[in-house]
There are 2 protein chains.
Amino acid sequence: MNNNQVLNERSLQLLKALVERYIQDGQPVGSRALSKDTELKLSPATIRNVMADLEDMGLIRSPHTSAGRVPTVSGYRLFIDSLLTVKPLNSEELKLLRKNLIAKDNVNDVIGMASRILSDVTRMAGVVTLPKRELVSLRHIEFLPLSNTRVLVIFVTNEQEVHNKILHTSKQFTPAQLQQAANYLNSVYSGLSLAAVRKAVLKELKDAQEQMNREMLDAVQMAKLALDPEKSDEDYVLSGETNLMGFSELSDMERLKELFDAFSQKRGVIHLLDQCLNAEGVQIFIGEESGYHAFEQCSLVTAPYSINEQVVGVLGVIGPTRMAYERVIPFVDVTAKLLGAALNPKT
Amino acid sequence: MNNNQVLNERSLQLLKALVERYIQDGQPVGSRALSKDTELKLSPATIRNVMADLEDMGLIRSPHTSAGRVPTVSGYRLFIDSLLTVKPLNSEELKLLRKNLIAKDNVNDVIGMASRILSDVTRMAGVVTLPKRELVSLRHIEFLPLSNTRVLVIFVTNEQEVHNKILHTSKQFTPAQLQQAANYLNSVYSGLSLAAVRKAVLKELKDAQEQMNREMLDAVQMAKLALDPEKSDEDYVLSGETNLMGFSELSDMERLKELFDAFSQKRGVIHLLDQCLNAEGVQIFIGEESGYHAFEQCSLVTAPYSINEQVVGVLGVIGPTRMAYERVIPFVDVTAKLLGAALNPKT
DNA sequence: GCTGGCACTCGATGGGGTAGAGTGCTAATA
DNA sequence: TATTAGCACTCTACCCCATCGAGTGCCAGC
């Protein structure tokens, strides 16, 4: 692949046509087909020359001598970054989104619905991360005694979601003490983000002076335990994985197993999605770009979503590299925005 | 298939040998192989005659003229019900179980671990239903005000598990009122099973007379809302689905998709597992016996598990019909017992 | 610089031949 | 009468090979 070639307007146009054609019917595209497809009146022979150049540049390749050409990852990348003409959502998709992506009592239901819509509409796999607890703010905290040294802590966050956890305390508390501790924490920390609360808590514990009375110290100590980040904090909801079994390019059982293993282990996928948290808008991993072998034949189109202008999660679509990006990209974009809206606490 | 044949000892012995052989290496079993396998000194020709009889009885069949024989569902059934010699767990498996299947704070963790062990050891898919909430007893109930008419209800069950739900009440309650309601419910219903509580609550509401004061009535009303059974109550944890992708008999993509679709829709699987709740010990569905098309190539080996002698859930293993029943059956059995033990509240 | 022509390559398809596994049937045997 | 050896038969799996069609690269001519 030597890049010292000229990429003139015509070559780009042909690359665009080739990628579009290939996305449409999945067969390697030959010069004859391309010559008919474009409005440039060029003979197959000319197009062959251009294709040879594109191949030199590593943008397309031929599976074997007498097949047509197929886009490489770089080809897709160039196509998506500079050549793609996105299609706006059709009214039906929009209607579906508006109808189903609405606020519910249970955040998980909304997330699940978003994931479901993503997979149903695109007929690929949809994925939505749960909102990062760290970034949402504390609304209310409560302690319930379970047994001697076991306390159930319950906290409600501003997305109206309830979390609970069992703490093992070093000493025994009376219900009244627990009540008092909760009251204290609510009065001091309510409204702050969980991350901020934790930070404040750690600070208080560090420079705890005598000025802080016994009860408060206990309360802060318990808050620390309660807010200890958990692995379960990082999770996502996946839908329509089975749609992926329909694609011929993923029909190799080895690969498919690897992919589904990645889905159920979650770690890799989470890592991948986390990289998209800070992206402005839609971000795309094409094939091997993700760095995960299991995703080598897949593309991932993601967009972050926000609650109160604060990015708290990511959603996306997973499918074969050969996907209708011009439809998927705007769809993922809009879904992210609407999910954010649906999760925003009605003030 | 005419059943008016004699099933003598020898035929059964040959059927057993055939099934075992087929389970072992997945190839149709011929008369010659069978003649070598058994200690009955019979020539292939004799065995062929017996096999023809077994085929007449619908216990085995041949994929085509010049292939060996393969067990039918009836054949497997007879094998499992009367011919199987189960193998006790080996010490390694037992050690793994005892080491990992221990009480934890979080029931879901224990369930997840059980599912994981089932799939890891058998190298097939493991499934464990969550304990039926209905059947566990109420330990503690608590109400927290969220906003005007929205109340968060939290209840802890005897398996130390915490459930929460948001109620929409018809009128507004003060924190004190909620506290009072919870106190009342705890004093009256604590220790009863959720099903019993619901029953009692409905009865109280039905013949609510003036003798019941306003507050109590409110409390009972809210308890009714809180205990309304939800669809989410019926759920299971599945592990190692991807193991199923390795089996050649399931390698048809159509079928596989159907199977995985069934897994993610959950309804059919739950229905199937529910049928095993009342079985004494291990229950097995072989292939089409399950009644679900998606499971036609699969067998399901299940056992119910109990908390406090009360059956609350089911666990099992899903794999190809051709599985090592003699190992899977005792393993599922023991796992169910140990899971029950791990879930039993330490009193 | 573009095009038509042409030889070439490669995968897919399908026919034909063969080897091997296993059967069912029959006649011989214990 | 139950068992066995022998034999013809059937079916699959496999390999080989010819053919076809799509598409290419290259070259000469416009």
Side-chain angles (χ1 to χ4, degrees), chain A residues 5-15 17-19 21-22 24-72 75 248-249 251-252, chain B residues 2 5-15 17-19 21-22 24-72 75 248-249 251:
Chain A
Q5 307 261 351
V6 227
L7 253 183
N8 57 19
E9 184 59 34
R10 201 179 63 178
S11 316
L12 290 174
Q13 209 170 335
L14 282 171
L15 175 63
L18 186 144
V19 177
R21 176 69 178 246
Y22 181 67
Q24 198 177 61
D25 50 41
Q27 300 297 321
V29 185
S31 52
R32 174 195 299 262
L34 218 47
S35 134
K36 285 186 191 149
D37 257 22
T38 58
E39 56 274 18
L40 313 150
K41 301 282 181 218
L42 290 176
S43 78
T46 313
I47 290 182
R48 279 203 286 280
N49 289 328
V50 178
M51 284 166 102
D53 292 347
L54 291 173
E55 185 156 19
D56 280 348
M57 287 182 266
L59 297 171
I60 59 179
R61 62 185 184 82
S62 48
H64 57 86
T65 323
S66 79
R69 301 306 212 294
V70 162
T72 61
S248 56
E249 47 266 74
S251 65
D252 174 47
Chain B
N2 49 350
Q5 308 259 352
V6 228
L7 253 184
N8 56 20
E9 184 58 33
R10 200 180 63 179
S11 317
L12 289 174
Q13 211 171 332
L14 282 170
L15 176 62
L18 186 142
V19 177
R21 175 69 178 246
Y22 180 68
Q24 198 177 62
D25 51 41
Q27 299 297 321
V29 184
S31 52
R32 174 195 299 261
L34 218 46
S35 136
K36 286 187 192 149
D37 257 22
T38 57
E39 58 273 18
L40 313 152
K41 300 283 179 213
L42 290 176
S43 76
T46 314
I47 290 181
R48 278 205 287 281
N49 289 327
V50 179
M51 284 168 101
D53 293 347
L54 291 174
E55 184 156 19
D56 281 350
M57 286 182 266
L59 296 171
I60 59 179
R61 60 185 186 81
S62 47
H64 59 85
T65 323
S66 81
R69 301 305 213 295
V70 162
T72 62
S248 56
E249 46 267 74
S251 65

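Note that the structure is a prediction, hence the values are computed from the model and not measured. Naming convention: chains lettered A, B, ... in sequence-line order (proteins, then strands); numbering from 1 in each chain.
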Touch check for B/S62, heavy atoms < 4.0 angstrom, all strands: base, sugar-phosphate only, or nothing?
nothing
Select from A/N49 and B/T46 the residue whose nearest nucleotide in DNA chain D is closer to the 5' end of that strand.
B/T46
Please report the distance, rounded to the nearest Å, between CG in B/N8 and C1' in D/dA2.
12 Å
Quickly work out the B/D56 CG to C/dG24 P distance and round it to whole Å.
10 Å
Rounded to the nearest 0.5 Å, how far does CG of B/D56 lie from CE of B/M51?
13.0 Å
Integer-rounded Å distance: D/dT3 C1' and B/L34 CG:
16 Å
Out of D/dT4, D/dT24, C/dT9, whichever nucleotide has its closest atom nearest the side chain of B/S43:
D/dT4
Looking at the base of C/dG4, is there any donor atom on it, or on the side chain of A/R48, that sits under 3.5 Å from an acceptor on the other one?
no
For the residue pair A/Q13 and A/L40, establish whether any side-chain heavy-atom pair is separated by less than 4.5 Å.
yes
Checking B/S35 side chain against B/S43 main chain: does a donor-acceptor pair fall under 3.5 Å?
no
Between B/T46 and B/N49, do the side chains contain a donor N or O and an acceptor N or O under 3.5 Å apart?
no
For residues 60-71 of chain B, which side-chain donor-acceptor pairs fall under 3.5 Å, sequence neighbours excluded?
from	atom 1	to	atom 2	distance (Å)
B/H64	ND1	B/S66	N	3.4
B/R69	NE	B/E55	OE1	2.8
B/R69	NH2	B/E55	OE1	2.7

Against the side chain of B/T65, the closest entry in D/dT4, C/dT3, D/dT10 is D/dT10
Expressed as a whole number of angstroms, how long is the span from B/L42:CG to D/dT4:C1'?
10 Å
Just how far, in rounded Å, is P of C/dA12 from CD of A/Q27?
10 Å
Please evaluate the base of C/dC10 for a donor-acceptor partner in the side chain of A/S66 within a cut-off of under 3.5 Å?
yes
Picking from C/dT23, C/dG4, D/dG25, the nucleotide nearest the side-chain atoms of B/R69 would be C/dT23
How long is the line joining CZ of A/R32 and P of C/dG5, in whole Å?
12 Å
Measure the distance from CD1 on B/I47 to P on C/dG22 and round it to the nearest whole Å.
12 Å
Just checking A/A45: base, sugar-phosphate only, or nothing, at a heavy-atom cut-off of under 4.0 Å?
base
Interatomic distance where CZ belongs to B/R61 and P belongs to C/dT23 [whole Å]:
14 Å
